[in-house]
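Take a look at the structure below.
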Amino acid sequence: MAETYDLVVIGGGIHGVGVAQAAAARGLSVMVLEQTAIAGGTSSRSSKLIHGGLRYLESGQFSLVRECLYERTLLLKIAPQLVELKPFYVPLYSSTTRRPWLLCAGLSLYSLLGGLDPATHFRHVPRNQWKNLDGLDTAGLEAVFQYNDAQTNDAALTRAVMRSAQQMGAQLKVPATFTRAFLGKQYNTIEYCHNGKIETCAAAVLVNAAGPWVQQVLSRITPTPSQLKIELVQGTHIVVPGMLTQGIYYVEAKDKRLVFVMPWQGNILVGTTESIYRGDPADVRPLPHEIAYLIETLAHYFPGYRSGRPILEATAGLRVLPSDGCGAEGGAPSVHTRSRETVLHLDRRDCPRLLTIYGGKLTTYRLTAERVMARLADALPTSVPVANTRHLKLT
Ligand SMILES: Cc1cc2nc3c(=O)[nH]c(=O)nc-3n(C[C@H](O)[C@H](O)[C@H](O)COP(=O)(O)OP(=O)(O)OC[C@H]3O[C@@H](n4cnc5c(N)ncnc54)[C@H](O)[C@@H]3O)c2cc1C
């Protein structure tokens with residue numbers, strides 16, 4: 001007889017493992033199917049920040065920023081080896097669109113949304129300290145603000161959450177590719193390919209946490225579930241040799257978008273770009289014009305890099321964004337103000353058999369997972385919780 005679980009989760013990215021951890025903490029049986037490796041998708045190609053998202057204030061996403069800052073505080077406590085508070089510097093030049101008063105207002109609001117916690121305090125960096133800022137160009141520099149946000153190793157965080165789930169009994173099959181499912185009256189039948197063999201299991205609820213593959217997974221389910229319209233937005237990062245000693249820089253690129261320049265494993269990580277992607281998520285690659293844009297932005301602010309440096313690594317990840325139907329090829333202006341809220345979609349309101357996660361952030365994975373469990377409560381058996389994800393240490 002096929003093995004039976006309370007939940008089967010498709011996808012071993014941060015959302016899939018987060019759901020597995022939340023389910024296992026509730027005392028439920030859960031299995032994760034991952035086709036390549038834990039964090040093999042977007043969850044190893046992010047900007048690696050556990051942050052409130054200062055730029056989301058510009059599009060009025062205040063509740064998202066508040067939630068992110070709350071989760072940041074929590075992750076700093078439960079994962080101190082994986083999530084580290086870092087100084088962020090925002091230089092403002094005579095040519096920068098964002099004016100000092102606007103940034104000051106934004107940072108005050110950021111601090112307010114973060115409950116005025118000391119970690120949300122910010123300051124104006126005095127002119128006599130600008131020379132310490134890792135070779136930042138001071139020509140035309142009018143002001144520098146410093147605030148705090150956190151950096152992580154996204155893939156390591158994802159693996160740590162999976163380990164935490166496994167310690168509470170969650171199962172993991174990897175590499176295991178979900179091939180199809182039949183939604184039944186009491187149980188769903190799920191088929192997947194593991195070690196070249198088709199295997200079957202049953203689950204009360206199926207959770208689609210396939211990230212950019214979300215629609216591909218839905219197309220393999222019978223009866224065909226409804227799908228939300230989405231767009232995939234590609235974001236590229238590059239790693240160049242170099243050293244930043246002070247922290248992370250948040251600079252305005254020539255198209256007015258904000259780009260991070262940060263220390264990363266003894267080198268410098270620069271990102272990101274935003275362009276609409278159409279194609280198989282497995283084929284996403286950094287594009288030459290994205291790499292050129294990131295190099296140009298780095299060199300513009302850090303003259304020491306104008307002579308050119310080799311690129312050690314370039315990676316591209318895909319965001320899932322709800323579509324507003326106006327995206328054009330390379331349509332960055334329409335995507336960077338779009339909502340970054342996570343959408344949870346059920347196949348039916350009462351007793352759902354399938355829940356699909358669209359979009360989301362690394363920072364809020366735990367909250368998203370708790371919300372998934374709350375939405376599925378009446379479809380799952382009563383169980384005795386063994387832990388609370390708020391207190392589970394991640395190492
Ligand atoms: C460029 C970029 C920068 C970002 N920066 C940040 C940041 O700094 N901070 C932040 O909070 N958020 C950030 N985000 C958002 C965050 O990274 C993502 O929301 C998050 O990683 C998505 O995780 P996921 O689990 O939904 O998807 P993924 O990590 O893509 O996981 C989906 C998994 O499903 C698996 N899968 C797919 N199909 C199947 C199948 N048929 N069978 C089995 N497995 C399957 C895939 O192999 C993959 O591992 C960024 C996103 C991007 C694109």
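The first residue of the sequence shown is numbered 1, and numbering continues consecutively from there. Both counts, for ligands and for their atoms, begin at 1 and track the order of listing.
In this structure Ser46 satisfies the side-chain contact (heavy atoms from CB on, under 4.5 Å) test together with Lys48, Asp154, Leu362, sequence neighbours excluded.
Arg72 contributes no side-chain N or O that, together with a main-chain N or O of Ile50, makes up a donor-acceptor pair within less than 3.5 Å.
For a threshold of 3.5 Å applied to N or O pairs, the pair formed by Thr272 and ligand 1 contains no separation below that value.
Looking from atom 50 (C) of ligand 1 to the surrounding protein, the closest heavy atom is Arg319 NH1, 3.4 Å. Nearest non-hydrogen protein atom to atom 27 (O) of ligand 1 is Gly211 CA, 3.5 Å.
The salt bridge (Lys or Arg N to Asp or Glu O under 4.0 Å) test with Glu370 singles out one residue from Arg375, Arg26, Arg390, and that residue is Arg26.
A salt bridge does not link Glu252 to Arg257: none of the charged side-chain nitrogens sits closer than 4.0 Å to a carboxylate oxygen.
If you look at Ala209 next to ligand 1, the close heavy atoms, those under 4.0 Å, all belong to the backbone. Residue Ile50 does not touch ligand 1, judged by heavy-atom distances below 4.0 Å. Of all the heavy atoms of Gln216, none lies under 4.0 Å from any atom of ligand 1, so neither backbone nor side chain is involved.
Residue contact annotation: Arg45 has a non-hydrogen atom under 4.0 Å from ligand 1.
Thr245 and Asp134 share a side-chain donor-acceptor pair at under 3.5 Å.
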